[in-house]
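Naming: A, B, ... by sequence-line order, numbering from 1 per chain.
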Amino acid sequence: MSSTSQKHKDFVAEPMGEKPVGALAGIGDALGGRLEEKGFDKAYVVLGQFLVLKKDEELFRDWLKDTCRANVKQQGDCYGCLKEWCDAFL
Amino acid sequence: MSLSEKSDEEISKLLAEYGIKHGPIVDSTRKLYERKLEVAMENAPVEPSSDKTYYREEAEEITYITYSPVRQESDVLKRRGNIEPDEDEESDQETEAPVQIANRTANHSAVRSRELDRKSGGSVWKVIRLLLLAVLAAALYYAYCRVLKNEENPFNIQ
């Protein structure tokens, strides 16, 4: 397993509150912009989608790919970030 | 009917049929599941719960019933005529006859199945084949009895 980024560590360290979607690991400016266009402007909205997909990795990855054209690495980073956050706080 | 016209429940049922793990069908997940179903349907076009099951045996057994049985019956009659006089050649000819009949059906069905659309003539052809086999068995038994009769006489003379 690859080591997690600083962004990942920052995100999973505390409740996400009103953090923007760009605070998620794997979600940079481009992906963040596409997600905001679709209405996913806050991290907790993406969290909502993650939970509605029953925290399933394959479904969430597919959804990310369809929604903001995330590549495999970005999908994995975002999934891992949300999963760890849920393990800690949900 | 396109997937987008189906209700959420129907989508949920289809996902379960194709074995796709899924959550609730809501606005934000609907398109994702429709796309997944489209891919699954392309890979497995026959729906698992469909009543129209397609048996490959039926397709391969398609034959024209009109002329082929007539030809084969006349061949069987010819074989029967040849069986009676010779003792040694009997077994060869008897084994030849069923083999030839089987080959003909295979050839017919192989040719026909490529040319024709699927029809349900297979069951009728099966009945005819069974009848022919019964006739052949009766002929063999009759011939066998005659052979036994012929063999008994030389022993009695002694």
Side-chain angles (χ1 to χ4, degrees), chain A residues 16 18-24 26-27 30-87 89-90, chain B residues 1-62 113-114 116-120 122:
Chain A
M16 65 177 76
E18 299 292 323
K19 284 184 186 170
V21 70
L24 283 163
I27 308 296
L31 296 185
R34 290 183 204 135
L35 282 171
E36 282 170 15
E37 279 172 22
K38 301 261 174 93
F40 295 88
D41 55 344
K42 295 283 189 187
Y44 64 73
V45 187
V46 178
L47 171 71
Q49 185 68 11
F50 178 68
L51 297 175
V52 152
L53 292 170
K54 297 182 113 165
K55 300 192 258 177
D56 180 73
E57 178 167 6
E58 192 190 327
L59 286 174
F60 185 69
R61 280 176 177 263
D62 284 347
W63 175 81
L64 262 185
K65 189 172 79 169
D66 286 347
T67 308
C68 60
R69 303 201 298 273
N71 64 31
V72 175
K73 184 178 187 312
Q74 290 162 331
Q75 296 163 18
D77 288 347
C78 189
Y79 169 77
C81 177
L82 279 171
K83 181 169 185 313
E84 203 172 311
W85 189 94
C86 286
D87 289 344
F89 298 102
L90 195 59
Chain B
M1 194 198 297
S2 68
L3 285 175
S4 52
E5 289 171 11
K6 292 194 190 263
S7 72
D8 290 344
E9 284 172 3
E10 286 170 336
I11 296 284
S12 186
K13 264 192 217 170
L14 281 172
L15 285 166
E17 275 179 14
Y18 283 94
I20 299 172
K21 184 182 168 192
H22 62 283
I25 316 290
V26 293
D27 285 344
S28 58
T29 57
R30 170 103 189 189
K31 264 184 84 180
L32 174 71
Y33 292 135
E34 282 178 13
R35 219 167 293 176
K36 285 200 127 198
L37 275 177
E38 280 169 18
V39 171
M41 282 175 171
E42 272 173 35
N43 293 336
V46 178
E47 282 185 16
S49 65
S50 168
D51 288 332
K52 287 185 188 175
T53 45
Y54 163 50
Y55 291 105
R56 297 197 71 198
E57 291 90 351
E58 277 184 13
E60 289 176 5
E61 268 187 307
I62 303 161
S113 62
R114 280 178 218 146
L116 300 172
D117 292 331
R118 301 176 195 118
K119 293 181 186 174
S120 59

Next on the checklist: Testing the basics here: between A:Leu59 and B:Gly23, what is the closest heavy-atom pair and its distance to 0.1 Å?
Outcome noted: CD1-N, 4.5 Å
Item to check | Beyond-backbone contact of A:Val21 with A:Leu31, side-chain heavy atoms, under 4.5 angstrom | outcome: no
Next on the checklist: So for atom NZ, which belongs to A:Lys19, do other residues, nucleotides or ligands contribute more than 12 heavy atoms lying within a distance under 6.0 Å?
Outcome noted: yes
Checklist entry - Are B:Ile25 and B:Leu15 side-chain neighbours, meaning at least one heavy-atom pair lies under 4.5 Å? => result yes
Check every N and O of chain A against chain B and note each donor-acceptor pair under 3.5 Å, with its distance.
from, atom 1, to, atom 2, distance (Å)
A:Gln49, OE1, B:Ser28, OG, 2.6
A:Gln49, NE2, B:Ser28, O, 3.3
A:Asp56, OD1, B:Lys21, NZ, 3.3
A:Glu58, OE2, B:Lys36, NZ, 3.2
A:Asp62, OD2, B:Lys36, NZ, 2.8
A:Asp66, OD1, B:Arg35, NH1, 3.1
A:Asp66, OD2, B:Arg35, NH1, 3.2

Checklist outcome for this item: Smallest heavy-atom separation, A:Val45 atom then A:Gly39 atom, equals CG1-O, 4.2 Å
Checklist entry - What are the two closest heavy atoms between A:Val46 and A:Phe60, and how far apart are they? => result CG1-CZ, 4.0 Å
